[in-house]
Amino acid sequence: MNDKPTSILIVDDHPTMRDGISYLISEEKDLNVCAEAEDTLEAIRLAKELQPDLAVVDLSLKSGHGIDLVKRLREQSSSIKILVNSMYPESVYAERSLQAGAMGYINKQSNRHCLIEAIRALLSGKTYLSPEMTEQVLRRQIGGKITWGKSPIDSLSDRELEVLSLIGQGNTTGAIARRLHLSVHTIDTYREKLKVKLHLTNGAELNRFAAQ
């Protein structure tokens, strides 16, 4: 019998959140936090070095984005189980997270002990979503086909949604460019694409939509 605790990597740019998650996990004798990271590059390095069994990943990181990190972790290891733990709306990001390679999504506003429930679900090979989100996913499936396009948000690429989120947080075009390591011109192009896809006529409407 293997008594080695399950190793878990926590990826979150808020120290207090990492501390809270680590404390919850420390109360479980068969679970162990092997490392913590606050951005994409650090998480990739630690995952490669330590090969954790599971990663708890936030979507809003100090640098990079959680969806991209999920994809890179999955490319790096086919065996790692990934749970997204985010403040972002489950209705917008849960399915994208699963498509990127995560096995579960939990909102930070959920009961914190639900996190352990979600971790154990993933470790047993199951997918974890809230009951409401599970029902929404099932409703989307008609005749074995997933019906996309019900909302303009669904038409956005992961990068476009990332830019929209950063706009909604009040970041300027220059700040977004620096954070994503892109040119200001590229961010302006994304803004124009967002206005077209979201049927918005000007920058002010885009800013209001993003904030909402």
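These numbers come from a predicted model, not from an experiment.
- A donor-acceptor contact shorter than 3.5 Å links the side chain of Ser124 to the backbone of Ala121.
- Leu41 and Val56 fall into different hydrophobic clusters, where Ile, Leu, Val, Met, Phe, Trp and Tyr residues are linked whenever their side-chain heavy atoms come under 4.5 Å apart, directly or through other members.
- Under the 4.5 Å side-chain heavy-atom criterion for Ile, Leu, Val, Met, Phe, Trp and Tyr, Val33 and Leu83 are members of the same hydrophobic cluster.
- How far CD of Glu192 is from CG of Leu206: 9.0 Å, rounded to the nearest 0.5 Å.
- Remark: the backbone N or O of Asp19 is not paired with any side-chain donor or acceptor of Ser22 at under 3.5 angstrom.
- None of Ile119, Ile8, Leu115 except one satisfies the side-chain contact (heavy atoms from CB on, under 4.5 Å) rule with Ile21; the exception is Leu115.
- Residues Ile153 and Phe209 meet the side-chain proximity criterion, which asks for heavy atoms closer than 4.5 Å.
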Decide yes or no on side chain to side chain contact (heavy atoms under 4.5 Å, CB included) for Arg72 and Thr40, but give the supporting numbers first. CA-CA 9 Å; Arg72 295 179 64 181; Thr40 298; 3.6 Å; yes
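- Salt bridge absent: Asp53 and Lys4 never bring a charged side-chain N and a carboxylate O closer than 4.0 Å.
- Put simply, Val11 and Leu59 are part of the same group of oily side chains (I, L, V, M, F, W, Y) that touch within less than 4.5 Å, one to the next.
- To the nearest 0.5 Å, the span separating CE on Met87 from NE2 on His14 amounts to 8.0 Å.
- Counting all heavy atoms, side chain and backbone alike, Val70 lies closest to Ala102 at CG1-N, 3.5 Å.
- When hydrophobic clusters are built by joining Ile, Leu, Val, Met, Phe, Trp and Tyr residues whose side-chain heavy atoms come closer than 4.5 Å, directly or via intermediates, Met103 is not grouped with Leu129.
- Taking CZ of Arg18 as the reference point, atom CD1 of Ile10 lies at 8.5 Å (rounded to 0.5 Å).
- Between Asp13 and Pro15, the shortest heavy-atom distance links the atoms O-CD, 3.5 Å.
- Between the OG atom in Ser79 and the CD atom in Gln51 there is a gap of 7.5 Å [rounded to 0.5 Å].
- Shown here for Leu122 and Tyr128, the closest heavy-atom pair between the two residues is CD1-CB, 3.8 Å.
- For CD of Gln109, the number of neighbouring non-hydrogen atoms (other residues, nucleotides, ligands) closer than 6.0 Å is 12 at most.
- Within 6.0 Å of NZ in Lys62 there are 12 or fewer heavy atoms belonging to other residues, nucleotides or ligands.
- Ile176 contributes atom CD1, which lies 10.5 Å from atom CG of Leu182 (distance to the nearest 0.5 angstrom).
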Starting from the C-alpha separation in whole Å, work towards a yes-or-no answer on side chain to side chain contact (heavy atoms under 4.5 Å, CB included) for Ile44 and Gln76. CA-CA 8 Å; Ile44 292 294; Gln76 184 169 281; 3.4 Å; yes
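- Paired with Val163 under the rule side-chain contact (heavy atoms from CB on, under 4.5 Å), one option of Leu194, Asp158, Thr189 passes, and it is Leu194.
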Could you walk me through whether Ile25 and Ile116 satisfy the side chain to side chain contact (heavy atoms under 4.5 Å, CB included) test, starting with their C-alpha distance in whole Å, then the side-chain angles of each, then the deciding distance to 0.1 Å, before giving a yes or no? CA-CA 7 Å; Ile25 292 174; Ile116 300 299; 4.2 Å; yes
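- Contact of the Met133 side chain with the Tyr105 side chain is not registered, since no non-hydrogen atoms from C-beta on lie closer than 4.5 Å.
- For the residue pair Asn207/Arg191, the side-chain donor-acceptor check at 3.5 Å is satisfied.
- No side-chain donor from either of Ser7 and Asn32 sits under 3.5 Å from a side-chain acceptor of the other.
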List the steps and the verdict of salt bridge (Lys or Arg N to Asp or Glu O under 4.0 Å) for Lys71 and Glu75. CA-CA 6 Å; Lys71 293 177 182 177; Glu75 291 171 357; over 6 Å; no
Side chain to side chain contact (heavy atoms under 4.5 Å, CB included) between Leu31 and Leu123, worked out: CA-CA 11 Å; Leu31 304 179; Leu123 292 175; 3.8 Å; yes
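- When side chains are defined from C-beta on, Lys126 does not count as touching Arg120, because their heavy atoms never get closer than 4.5 Å.
- Tracing side-chain contacts under 4.5 Å through hydrophobic residues (I, L, V, M, F, W, Y), one reaches Leu69 starting from Val92; they form part of the same cluster.
- Between the side chain of Asp39 and the backbone N or O of Leu61, no donor-acceptor pair lies under 3.5 Å.
- From Thr6, atom OG1 reaches atom CG of Leu54 across 8.0 Å, with rounding to the nearest 0.5 Å.
- Scanning all heavy atoms of the two residues, the minimum distance from Ala177 to Val184 falls at CB-N, 3.9 Å.
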Verify salt bridge (Lys or Arg N to Asp or Glu O under 4.0 Å) between Lys108 and Asp58, making sure each step is shown before the conclusion. CA-CA 9 Å; Lys108 286 184 176 180; Asp58 190 10; 3.0 Å; yes
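- Using modelled atom types, no side-chain atom of Glu160 and backbone atom of Leu156 make a donor-acceptor pair closer than 3.5 Å.
- Considering all non-hydrogen atoms of both residues, Ser130 and Glu90 come closest at OG-OE1, 2.6 Å.
- The two residues Leu73 and Ile80 have their closest heavy-atom pair at O-CG2, 3.9 Å.
- Counting heavy atoms from C-beta outward, Leu161 and Arg96 have side chains that approach closer than 4.5 Å.
- Applying the ring pair (Phe, Tyr, Trp, His ring centres under 6.0 Å) test to pairs two or more places apart or on separate chains, those with a residue in residues 55-94 are Tyr88-Tyr93.
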